[in-house]
Asker: 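Pasting in a structure now, in structure tokens, and then I'll have a few things to ask.
The figures that follow rest on heavy atoms only: side chains count, while hydrogens, waters and symmetry mates do not. For this chain, numbers begin at 1 and follow the sequence in order.
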Amino acid sequence: MEETKRTDKDILSKGIRIMIICLILMFSGPTALHIAFSNKEKPLYIPLIILGILLCLGAIITLFKGIQTIMDSLFGKKNK
């Protein structure tokens, strides 16, 4: 008998948590960049640009990680 595949709810909840972190980073990164670009004469201009870029890169990385985790929960791991 063949076993039917079911969604692994623990891995799915982990993927959803990663996507929530991604959502927070998707808003905070561009906000930090906007604040930095609107205050070019302030002393925190360069650190805010660096922080904003890092937050945006973190959003991209967590987006792919979250989607991969959710897909693993739905279809199972490929390396079994």
Side-chain angles (χ1 to χ4, degrees):
M1 254 187 158
E2 188 175 323
E3 180 182 331
T4 60
K5 294 187 178 197
R6 306 199 105 188
T7 301
D8 190 348
K9 294 191 188 327
D10 294 331
I11 297 175
L12 181 64
S13 65
K14 181 182 176 186
I16 291 174
R17 282 188 301 233
I18 293 172
M19 295 300 282
I20 290 171
I21 293 169
C22 175
L23 184 68
I24 293 168
L25 290 174
M26 287 173 97
F27 283 102
S28 61
T31 302
L33 283 175
H34 177 73
I35 291 170
F37 286 132
S38 64
N39 296 319
K40 289 185 179 180
E41 50 285 327
K42 301 286 180 175
L44 289 177
Y45 173 67
I46 299 295
L48 269 177
I49 288 179
I50 293 170
L51 177 69
I53 290 172
L54 289 176
L55 289 173
C56 289
L57 288 174
I60 293 169
I61 291 169
T62 55
L63 176 70
F64 286 117
K65 179 79 173 154
I67 290 173
Q68 181 182 20
T69 306
I70 290 172
M71 290 305 209
D72 285 344
S73 75
L74 293 175
F75 300 115
K77 292 235 183 231
K78 290 182 179 179
N79 309 357
K80 279 193 172 182

Asker: Rounded to the nearest 0.5 Å, what separation is found between the CG atom of Asn39 and the NE2 atom of His34?
Answerer: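 Going from the CG atom of Asn39 to the NE2 atom of His34 covers 8.5 Å.
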
Asker: State yes or no: do Leu74 and Ile16 share one hydrophobic cluster built from I, L, V, M, F, W and Y residues joined by side-chain heavy-atom distances below 4.5 Å, directly or via other members?
Answerer: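 Hydrophobic grouping puts Leu74 with Ile16.
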
Asker: Rounded to the nearest 0.5 Å, what's the gap from OG1 on Thr69 to CG on Asp8? Could you check?
Answerer: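 Thr69 OG1 to Asp8 CG: 11.5 Å, rounded to 0.5 Å.
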
Asker: Quick one: are Leu63 and Met19 in side-chain contact, heavy atoms under 4.5 Å?
Answerer: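 When only atoms from C-beta onward are counted, Met19 and Leu63 do touch, with a gap below 4.5 Å.
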
Asker: One pair to check against side chain to side chain contact (heavy atoms under 4.5 Å, CB included): Ile49 and Phe37. What are the steps and the verdict?
Answerer: CA-CA 8 Å; Ile49 288 179; Phe37 286 132; 3.7 Å; yes

Asker: Atom CD1 in Ile70, atom CZ in Phe75: separation rounded to 0.5 Å?
Answerer: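 Going from CD1 on Ile70 over to CZ on Phe75, the span is 11.5 Å.
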
Asker: Return the CG to CD distance between Asp72 and Gln68, rounded to the nearest 0.5 Å.
Answerer: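 Answer for the CG-CD pair, Asp72 versus Gln68, is 5.5 Å.
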
Asker: With rounding to the nearest 0.5 Å, note down the distance linking CE in Met26 to CG in Leu23.
Answerer: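 Met26 CE to Leu23 CG: 7.0 Å, rounded to 0.5 Å.
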
Asker: Which pair of heavy atoms, one from Ala32 and one from Gly52, lies closest together, and at what distance?
Answerer: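 In terms of heavy atoms, the two residues are closest at CB-CA, 3.9 Å.
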
Asker: Spell out, yes or no, whether Leu54 and Leu33 are grouped together once hydrophobic residues are joined by side-chain heavy atoms under 4.5 Å, including indirect joins.
Answerer: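 Same hydrophobic cluster.
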
Asker: Distance check, rounded to the nearest 0.5 Å: Ile61 atom CD1 versus Ile18 atom CD1?
Answerer: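 Going from CD1 on Ile61 over to CD1 on Ile18, the span is 12.5 Å.
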
Asker: Grouping I, L, V, M, F, W and Y whenever their side-chain heavy atoms are under 4.5 Å apart, do Phe27 and Ile20 come out in a common cluster?
Answerer: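 Not linked; separate clusters.
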
Asker: Are Ile35 and Leu57 connected into the same hydrophobic cluster when the rule is that any two of I, L, V, M, F, W, Y join if their side-chain heavy atoms are below 4.5 Å apart?
Answerer: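 Not linked; separate clusters.
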
